[in-house]
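Encoded as structure tokens, the structure appears first; notes follow it.
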There are 2 protein chains.
Amino acid sequence: MFISTATNTLDAKGRLSVPADFRAEVTGGIFDGIVIWPGVDGPYLEGGGVALLQSYGAMINDMDPFDDVRLAFEHTLFGAAKKLSFDATGRVTLPKELAEHAGLSASATFVGLGSRFQIWDKDTYGAHLAKAQELAKASRHLMRPRRSGGDT
Amino acid sequence: MFISTATNTLDAKGRLSVPADFRAEVTGGIFDGIVIWPGVDGPYLEGGGVALLQSYGAMINDMDPFDDVRLAFEHTLFGAAKKLSFDATGRVTLPKELAEHAGLSASATFVGLGSRFQIWDKDTYGAHLAKAQELAKASRHLMRPRRSGGDT
DNA sequence: TTGAAACCCATGAAATCCCATGCTAGGTAA
DNA sequence: TTACCTAGCATGGGATTTCATGGGTTTCAA
């Protein structure tokens, strides 16, 4: 699982260290790296391992081949996604258009969300988090563990 | 999987570089190149490796041999498709009739859609993508990965 | 013989690889 | 408990390779 938050620097070459915890989640599979795409409803990036993208693909495959919504998903997800492989020290090179979408300049904040993660500008994320915490507090009664809680 | 978007130039000879990521998807098979056909519902081209065409063929084979729909599929897909092989530097020569169908002049935009890809004129695609993003945003609640977690 | 397609080579930019450095946390020994 | 040591991690910069692109030359068929 991708958990916790970490802010790393984005250097002049567009390189960005992926937190070691996150790397451990995706290494050992077919592709030694991550997949990232722009968030559909805000200035952030979303991503995970290739397996995550494949699981979205499985959902899309269940839809009619020429359904407009299916095509929209295919274009916004697959069309906009980028495969970024790790260098020897665990960094990826972030394409300019993705950095711009998220408004990233000198640093980037990784936020683990369980099965996937997001990348935000540090300050933008601060504001977003404050709102999220408020909503979580207001809705806290909806949060309850499923049967037989503590996994592993 | 074919993912991400890239715009390459279409030179005076009709040559077009296929993005390296896309080439990697199709090389190593029987045929070292791609297969392309005109999009049925718009000014774009659609294609993939020979394996993609074979999978469509398998679907068509399940239909009644004299079904009008089957014949229509056979003609629009197999009849219009072209096999384009790579030159030493990974380019293909795009036939004029295909370039015209997609309204391509000086450049072409490759869009990966998972199991296949499309080729658009850059500006035409910009407008198409904007609509797709709007619909994807409005329908984003339908988007959820299958197969529990997406780890690994 | 003339046009088109395939092949060969050159070039600039961008991505990738390689090596070095500082920092921090965790463990070990005095 | 404290000082030290070490391993893992993030970061910086230079070197090398890959990739897209342009132009020339050869080959083949109409």
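Below, read A as the first sequence line, B as the second, and so on, with proteins coming before strands; counting in each chain starts at 1.
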Applying side chain to side chain contact (heavy atoms under 4.5 Å, CB included) to B:Glu97 and not counting sequence neighbours gives B:Lys82, B:Pro95
Query - Side chain to side chain, A:Asp11 and A:Arg91, heavy atoms closer than 4.5 Å - result: yes
Applied to residues 98-112 of chain B, the salt bridge (charged side-chain N to carboxylate O under 4.0 Å, His left out) test, sequence neighbours excluded, yields none
Overall bend of the helix from C:dT1-D:dA30 to C:dA30-D:dT1 (five pairs an end, 10° steps) is 30°
Ring pair (Phe, Tyr, Trp, His ring centres under 6.0 Å) pairs touching residues 71-109 of chain B, sequence neighbours excluded, are none
Output, in order, the C-alpha distance, side-chain angles, deciding distance and verdict of side chain to side chain contact (heavy atoms under 4.5 Å, CB included) for A:Leu129 and A:Thr5.
CA-CA 11 Å; A:Leu129 177 62; A:Thr5 299; over 6 Å; no
Which of parallel (below 30°), tilted (30 to 60°) and perpendicular (above 60°) describes B:Phe110 and B:Phe22? perpendicular
Sorted by chain and number, sequence neighbours left out, ring-ring contact (aromatic ring centres under 6.0 Å, His included) with A:Tyr125 holds for A:Trp120
Sorted by chain and residue number, the salt bridge (Lys or Arg N to Asp or Glu O under 4.0 Å) partners of A:Glu46 (sequence neighbours excluded) come out as A:Arg116
Sorted by number, residues from residues 19-34 of chain B placing a heavy atom under 4.0 Å from DNA chain D are B:Pro19, B:Ala20, B:Arg23
Applied to residues 49-69 of chain A, the ring pair (Phe, Tyr, Trp, His ring centres under 6.0 Å) test, sequence neighbours excluded, yields A:Trp37-A:Tyr56
The complete set of side chain to side chain donor-acceptor pair (under 3.5 Å) pairs with one or both residues in residues 63-74 of chain B, sequence neighbours excluded, reads B:Asn61-B:Arg70, B:Arg70-B:Glu74
Between CG of B:Leu94 and C1' of D:dT21 the distance, given in whole Å, is 16 Å
Residues of residues 3-17 of chain A with a heavy atom under 4.0 Å from any atom of DNA chain C, listed by number, are A:Lys13, A:Arg15
Separation of D:dG8 atom C1' from A:Phe86 atom CZ, nearest Å, is 16 Å
Q) Would you say the side chain of A:Leu52 lies within less than 4.5 Å of the side chain of A:Phe117, judging by non-hydrogen atoms? A) no
Applying side-chain hydrogen bond (donor to acceptor under 3.5 Å, both in side chains) to A:Asp121 and not counting sequence neighbours gives A:Thr124
Taken to the nearest whole Å, CG/A:Asp87 to P/C:dC19 is 13 Å
Would you mind classifying the nucleic acid contact of A:Val18 as base, sugar-phosphate or nothing, using non-hydrogen atoms under 4.0 angstrom?
-> sugar-phosphate
Each nucleotide N or O in nucleotides 9-14 of chain C that has a protein N or O under 3.5 Å away: list the pair and distance.
none

Between A:Leu10 and A:Ser105, is there a side-chain heavy-atom distance shorter than 4.5 Å? no
